[in-house]
Amino acid sequence: MPSKPSPDPTGGLPRIGRPATGALLAQGVTTLEQVAQWREAELLAVHGVGPKAVAILREALAEAGLGFRA
């Protein structure tokens with residue numbers, strides 16, 4: 001009997017790597033809209049979130065017409 005796929009806990013966040021995803025989930029961040037409430041420097045200060053993850057998030061935010069908080 002096949003199991004049901006579990007819901008995506010990241011709400012469609014781009015693939016930024018397991019450590020960065022876990023770090024965002026631990027902060028309660030599950031959507032791009034929530035990422036947009038953060039400054040880049042704040043995200044970089046979260047253990048597990050590095051420059052590569054922030055660059056991927058920046059690109060995803062731009063594609064969605066969003067951006068990091070100024």
Side-chain angles (χ1 to χ4, degrees):
M1 175 180 228
S3 63
K4 284 183 164 180
S6 58
D8 180 8
T10 64
L13 288 175
R15 292 182 185 263
I16 55 174
R18 190 178 305 181
T21 300
L24 290 182
L25 291 175
Q27 296 293 320
V29 177
T30 60
T31 67
L32 279 177
E33 289 77 12
Q34 290 172 323
V35 171
Q37 301 301 310
W38 289 66
R39 292 187 175 108
E40 285 188 46
E42 292 171 329
L43 281 176
L44 287 168
V46 174
H47 181 73
V49 179
K52 183 177 178 180
V54 170
I56 294 168
L57 289 168
R58 185 184 313 112
E59 185 176 318
L61 286 167
E63 288 176 9
L66 299 168
F68 289 111
R69 188 174 64 146

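When reading the values below, keep in mind they use all heavy atoms of this one structure, side chains included, and skip hydrogens, waters and symmetry mates. Bear in mind the structure is a predicted one, so any value in this text is a computation, not a measurement.
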| query | Applying the side chain to side chain contact (heavy atoms under 4.5 Å, CB included) test to Pro14, which of Thr21, Val35, Leu32 qualifies? | reply |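 Answer to the side chain to side chain contact (heavy atoms under 4.5 Å, CB included) test with Pro14 among Thr21, Val35, Leu32: Leu32.
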
Applying side chain to side chain donor-acceptor pair (under 3.5 Å), can you list everything that pairs with [X], at least two apart in sequence or on another chain?
{"X": "Glu42", "answer": "Arg69"}
{"X": "Arg18", "answer": "none"}
{"X": "Arg58", "answer": "Glu40"}

Distance-only check: which donor-acceptor pairs under 3.5 Å involve side-chain atoms of residues 47-57, not counting sequence neighbours?
none

| field | Test side-chain contact (heavy atoms from CB on, under 4.5 Å) applied to Gln27 - qualifying residues, sequence neighbours left out | value |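 In terms of side-chain contact (heavy atoms from CB on, under 4.5 Å), with neighbours along the sequence ignored, Gln27 is linked to Val29, Trp38, Val46.
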
Under 3.5 Å, which donor-acceptor pairs link side chains of residues 59-66 to any protein atom two or more places apart or in another chain?
none

